[in-house]
Structure formats: C-alpha cells, structure tokens
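A short write-up of the structure that comes next.
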Amino acid sequence: MQLSDAIRKRIKNLLKINNMNIWKLYKATGVSASTLSYFMSGKRELINLKTLLHICEGFKITLKEFFDDPLFIDVEQD
C-alpha cells in the first residue's frame with residue numbers, strides 16, 4: 001500500500017471512531033476543509049507533516065499514535 005493511501009485509510013478510520021466528518025475535523029484542526037477534502041479524495045496525493053500534526057491534534061492523538069497502526073507495516077513510498 002502506498003503511504004498516502006495508508007494515511008487516508010487511517011484518517012477515515014479515525015473519523016469513524018470519533019464520529020466525525022471532514023467538516024468536524026476542519027473545525028477541530030483549523031486545516032481548511034478544501035485541503036482535507038482534496039487529500040481525502042485523492043486529488044492531492046501528498047499531505048505535509050505539519051498538516052498531519054494538526055489532524056492528529058484534532059483527533060487528540062500524537063503522531064506516534066497515528067502511525068502505530070497495522071496499516072503502516074508494509075507501506076511503500078509514493
């Protein structure tokens with residue numbers, strides 16, 4: 001699995017776990033809804049680490065907790 005696909009899947013899982021949608025994540029993070037939507041739809045392939053950190057803050061988890069998931073075991077470079 002490509003890294004960007006694994007990140008998308010992890011965010012989708014966290015949205016479901018936290019009963020959130022893109023709009024609620026935007027409100028919790030300050031990351032623009034368009035940035036989130038473009039990345040989640042695949043229109044934007046990469047997401048920068050600073051943005052990912054804000055997303056983690058919105059979920060109230062650390063980057064370590066974000067990447068501590070089986071999705072990232074066999075991840076490949078984009």
Side-chain angles (χ1 to χ4, degrees):
M1 178 182 307
Q2 298 292 317
L3 177 59
S4 57
D5 293 330
I7 291 172
R8 278 186 200 90
K9 285 186 178 189
R10 180 70 168 136
I11 292 171
K12 285 179 185 176
N13 290 342
L14 289 167
L15 286 169
K16 186 175 182 177
I17 290 167
N18 289 282
N19 195 29
M20 295 174 78
N21 57 29
I22 294 295
W23 178 254
K24 288 180 182 177
L25 186 59
Y26 151 70
K27 297 298 273 181
T29 64
V31 174
S32 75
S34 62
T35 297
L36 293 169
S37 293
Y38 281 132
F39 177 71
M40 294 305 290
S41 69
K43 291 179 183 174
R44 173 179 278 164
E45 193 60 31
L46 301 174
I47 192 165
N48 70 46
L49 194 55
K50 185 177 179 180
T51 301
L52 188 55
L53 177 60
H54 289 299
I55 290 170
C56 289
E57 290 168 350
F59 289 128
K60 296 180 174 57
I61 62 172
T62 64
L63 279 170
K64 181 184 181 310
E65 290 170 314
F66 183 87
F67 286 111
D68 188 18
D69 187 277
L71 283 169
F72 298 102
I73 290 174
D74 293 320
V75 75
E76 297 176 5
Q77 180 177 328
D78 285 330

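All values reported here derive from a predicted model rather than from experimental measurement.
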**Study point:** Check: Leu36 and Ile55 side chains under 4.5 Å, non-hydrogen atoms
**Key:** yes
What pairs of donor and acceptor atoms, side-chain ones from residues 15-24 against any protein atom, are under 3.5 angstrom apart with sequence neighbours left out?
from, atom 1, to, atom 2, distance (Å)
Asn18, ND2, Leu14, O, 2.7
Asn21, OD1, Trp23, N, 3.1
Asn21, OD1, Lys24, N, 2.8

Review point. Is Ile47 reachable from Leu49 through a run of I, L, V, M, F, W or Y residues, each pair having side-chain heavy atoms under 4.5 Å apart?
Key: yes
Check your understanding: How many angstroms lie between atom NZ of Lys9 and atom OG of Ser4, to the nearest 0.5 angstrom?
Key -> 11.0 Å
Point to revise | Exercise: identify the closest heavy-atom pair between Cys56 and Leu63 | key: SG-CD2, 3.7 Å
Revision key, fill the gap. With sequence neighbours left out, the residues meeting side chain to side chain donor-acceptor pair (under 3.5 Å) with Thr35 are Ser32
**Study point:** Results of side-chain contact (heavy atoms from CB on, under 4.5 Å) for Lys60 - residues two or more places apart only
**Key:** none
Practice item. Could you grab the distance from atom CD1 of Ile7 to atom CG of Leu46, nearest 0.5 Å is fine? Key: 8.5 Å
Can you give the donor-acceptor pairs under 3.5 Å from side chains of residues 64-71 to other protein atoms, not counting sequence neighbours?
from, atom 1, to, atom 2, distance (Å)
Glu65, OE1, Thr62, N, 2.7
Glu65, OE1, Thr62, OG1, 3.3
Asp69, OD1, Leu71, N, 2.9
Asp69, OD2, Arg10, NH1, 3.4

Check your understanding: Going from CG on Asp5 to CD on Glu45, what distance comes out if it is rounded to the nearest 0.5 angstrom?
Key -> 6.5 Å
Exercise for review: With sequence neighbours excluded, tell me which residues meet side-chain contact (heavy atoms from CB on, under 4.5 Å) with Asp74.
Suggested key: none
Exercise for review: Could you list all the ring pair (Phe, Tyr, Trp, His ring centres under 6.0 Å) pairs where at least one residue sits in residues 30-61, not counting sequence neighbours?
Suggested key: none
Practice item. Check Arg8 against Arg44 and note the closest heavy-atom contact, atom names and distance. Key: NH2-O, 3.0 Å
